Amino acid sequence: QVQVVESGGGLVQPGGSLRLTCAVSGSIFGINSMGWYRQVPGAQRELVAAITTGESTNYADSVKGRFTLSRDNAKNVVYLQMNSLAPEDTAVYYCKVRGKPTPWRLQDYWGQGTQVTVSS
């Protein structure tokens, strides 16, 4: 059973910083990519940032220059450092892992989400 657990959300003032952590545990053959998505009520879930095993990263235009994604392959952990946070970054942030439960199958796993609120 694969588990994806997020942590690090909370309330922060505009201009502040937060670091989100996503950890994968359980029986998994390999991980192709890990990333963060966010969702506000009434809107679709959108990509924030993603990183592959080869360290190739992809960021949403709205977070480029402010957010940094990093990954510890040995620990199956990904970090999202969020700086210069703005009210429009307020959302529930979800971690998504694309991995292989068996060598010949890919599957997406989602965490339960962590709330990030940017407000004065």
Side-chain angles (χ1 to χ4, degrees):
Q1 189 79 2
V2 176
Q3 285 190 317
V4 178
V5 179
E6 304 119 330
S7 60
L11 173 65
V12 64
Q13 292 187 340
S17 299
L18 281 175
R19 189 174 85 152
L20 304 182
T21 300
C22 171
V24 182
S25 62
S27 178
I28 192 163
F29 184 77
I31 294 177
N32 281 27
S33 65
M34 301 178 73
W36 289 93
Y37 290 69
R38 65 187 181 187
Q39 188 172 25
V40 297
Q44 287 191 331
R45 198 169 292 186
E46 64 175 7
L47 173 70
V48 176
I51 187 168
T52 67
T53 304
E55 305 296 324
S56 173
T57 55
N58 182 31
Y59 293 94
D61 288 343
S62 59
V63 307
K64 284 179 181 176
R66 299 187 300 123
F67 291 11
T68 303
L69 192 63
S70 60
R71 177 174 171 177
D72 185 334
N73 289 330
K75 296 181 179 178
N76 287 341
V77 174
V78 66
Y79 307 97
L80 183 67
Q81 179 65 43
M82 304 186 294
N83 298 328
S84 301
L85 283 160
E88 51 266 33
D89 295 315
T90 296
V92 178
Y93 284 69
Y94 296 91
C95 180
K96 186 183 106 171
V97 175
R98 177 159 289 180
K100 294 182 177 181
T102 64
W104 52 86
R105 184 170 141 233
L106 269 178
Q107 185 167 329
D108 288 340
Y109 302 91
W110 290 90
Q112 78 286 354
T114 185
Q115 177 70 47
V116 171
T117 303
V118 185
S119 175
S120 56

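If you read the sequence from its start, that first residue is 1, and numbering goes on from there. Computed from a predicted model, the values in this text were never measured in an experiment.
- Side chains of Trp110 and Arg45 form a contact here, defined as non-hydrogen atoms less than 4.5 Å apart.
- In this structure, Glu6 CD and Gln112 CD are separated by 4.5 Å, a value rounded to the nearest 0.5 Å.
- Hydrophobic clustering, with ILVMFWY side chains joined whenever heavy atoms are under 4.5 angstrom apart, groups Val92 together with Leu47.
- Inter-residue side-chain proximity for Thr90 and Arg38 is flagged as unmet; no heavy-atom pair is nearer than 4.5 Å.
- Contact record, Leu106 with Arg98: CD2-CG, 3.8 Å, taken as the closest heavy-atom pair.
- Within 6.0 Å of CD on Glu55 lie more than 12 heavy atoms contributed by other residues, nucleotides or ligands.
- With values rounded to the nearest 0.5 angstrom, Arg71 atom CZ is found 7.0 Å from Ser33 atom OG.
- In terms of hydrophobic clustering, with Ile, Leu, Val, Met, Phe, Trp and Tyr side chains grouped at heavy-atom distances under 4.5 Å, Tyr79 and Leu18 are assigned to different clusters.
- Atom NZ of residue Lys100 and atom CZ of residue Arg105 lie 12.5 Å apart, to the nearest 0.5 angstrom.
- A pairwise comparison of heavy atoms in Ser84 and Ser17 identifies N-OG, 4.4 Å as the closest pair.
- Counted within 6.0 Å of CD on Gln3, heavy atoms from surrounding residues, nucleotides or ligands total 12 or fewer; the atom is thus considered open.
- Phe67 and Tyr93 have tilted rings, their planes meeting at an angle from 30° to 60° on a 0 to 90° scale.
- Ile51 and Val63 fall within a single hydrophobic cluster, where Ile, Leu, Val, Met, Phe, Trp and Tyr are joined by side-chain heavy atoms under 4.5 Å apart, directly or via other members.
- With hydrogens and angles ignored, the 3.5 Å screen pairs no side-chain donor or acceptor of Gln81 with any backbone N or O of Arg19.
- Closest non-hydrogen pair, Leu80 versus Ala49, comes out as CD1-CB, 4.3 Å.
- Shown here for Lys64 and Tyr59, the closest heavy-atom pair between the two residues is CE-O, 3.4 Å.
- Only one option out of Val78, Leu69, Val116, Val48 pairs with Leu20 in a side-chain contact (heavy atoms from CB on, under 4.5 Å); it is Val116.
- Counting only heavy atoms from C-beta outward, the side chains of Ser7 and Thr114 never approach each other to under 4.5 Å.
- The minimum heavy-atom distance linking Gly99 with Ile28 is given by the pair CA-CD1, 3.9 Å.
- Side-chain contact between Cys22 and Val4: present, with at least one pair of heavy atoms (C-beta onward) separated by less than 4.5 Å.
- Heavy-atom contacts from other residues, nucleotides or ligands closer than 6.0 Å to CD of Glu88 number more than 12.
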